[in-house]
Every structure is written in C-alpha cells, then in structure tokens.
Amino acid sequence: MSVRNILLHPDPRLKKVATPVTSVSDELRQLADDMLETMYDAPGIGLAAPQVAVMNRMIVMDCAKDEDATPEPMVLINPEVVWTSDEQSVYDEGCLSIPEHYAEVERPAEVEVSWMNLNGKIQREHFDGLWATCVQHEIDHLDGKLFIDYLRPLKRQMITRKMQKLKREMARG
Ligand code: NI
C-alpha cells in the first residue's frame, strides 16, 4: 500500500464527472488500498478517486472516528443515492482537497445508497449521522462537485482565493 498525492482545489480534475467502473481489477483493488491508506494518513474520514487523480467512480470512507472505535473501512464502487430523507441535517464540512477550510452544509439527514463492492457484488445500505453526510460529500466528488459549491458565491470565492495562494506558496517551497 502507498499514500498517494491528494489534489488540491482549484484543480480542473476535481470538477470533472468520473467514469463508472466496469469490472473489479487488481489495479482497482490496489487503488482502494492506497486510497484507504491515504485517507487514514491525512487523516480524513472519506476520499474519492478523483482526489487522487483517478477518474473512476470509487470512494472510500471510515466515519468510526473516535480513537477507541474499531476501524470500519468501506469501499464503494459506482455508488448511487437511491433514497433521501425529507429531514435535513447541517454539518460543518471539510475536505482533504480544501484543507483547513470548513463550512456548514445542509443535506438530507438519511440516505440509502447502492454500490458494488470489491467482490463485484451489489450492496445497499442505509446511512445516517456523519456517515450520511460523508457518503453524500464523497459521491458529489464523483460528479465534480465540492462542498464549497453549496456556499454563497462570495464565501466560495474567498476560499478559492486562499487556496490559490496556498498552492502558489507550496509551489515555491
Ligand atoms: Ni472532499
């Protein structure tokens, strides 16, 4: 397993719609392992393939975040939201591609998601709490959408300008 480089906003690859996975290959399994390692290393609770510059519809997540909690790594291939609750919830969201910026985003409080697992089997599960927010945030990445796209334009532009500045500073070393 190896930690991959996480793309930082703004990057055109983070705005693209990712391609569905047609079959589970060894390469895809390797990518899933690397994405989990990259996510835990960051540390974060979710990561989508486009964030490591692979334009496939795959996400990983683990929202069992308490120090004492048993890790619950999940790999979701071609995930689709198939049901959302009318009830909404608000979380202070962040993103590994937009480090150190957080903002409140409102989303359905509960969702049902179907996906293919690494054995090629279709699974379906109900998510609530942080898991529901996380899975929706990660699926958004597969459609080229970031959590800042839910914010008012002024706030979004402010974050983008700060990220541009950060990237210029990083490039200079
Ligand atoms: Ni994100």
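We're numbering straight along the sequence, starting at 1. Ligands are counted one by one from 1 in listed order, and the atoms in each one are counted from 1 as well.
Counting only protein N, O or S atoms, 3 lie closer than 2.8 Å to the Ni ion (ligand 1).
In terms of the side chain to side chain contact (heavy atoms under 4.5 Å, CB included) criterion, residue partners of P20 (sequence neighbours excluded) are, by chain and number, R57, N78. Qualifying ring-ring contact (aromatic ring centres under 6.0 Å, His included) partners for H101, counting only residues two or more places apart in sequence or in other chains: none.
Looking at every heavy atom in both residues, P10 comes nearest to K167 through O-NZ, 2.8 Å. In plain terms, the two heavy atoms of G46 and C134 that are nearest each other are CA-SG, 4.1 Å.
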What donor-acceptor contacts under 3.5 angstrom involve side-chain atoms of residues 147-155, with partners at least two apart or in another chain?
| unit_1 | atom_1 | unit_2 | atom_2 | d |
| --- | --- | --- | --- | --- |
| D149 | OD2 | K15 | NZ | 3.4 |
| D149 | OD2 | L146 | N | 2.9 |
| Y150 | OH | R107 | NH1 | 3.3 |
| Y150 | OH | D140 | OD2 | 2.6 |

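Counting only N and O atoms by type, the side chains of Q51 and S97 include a donor and acceptor under 3.5 Å apart.
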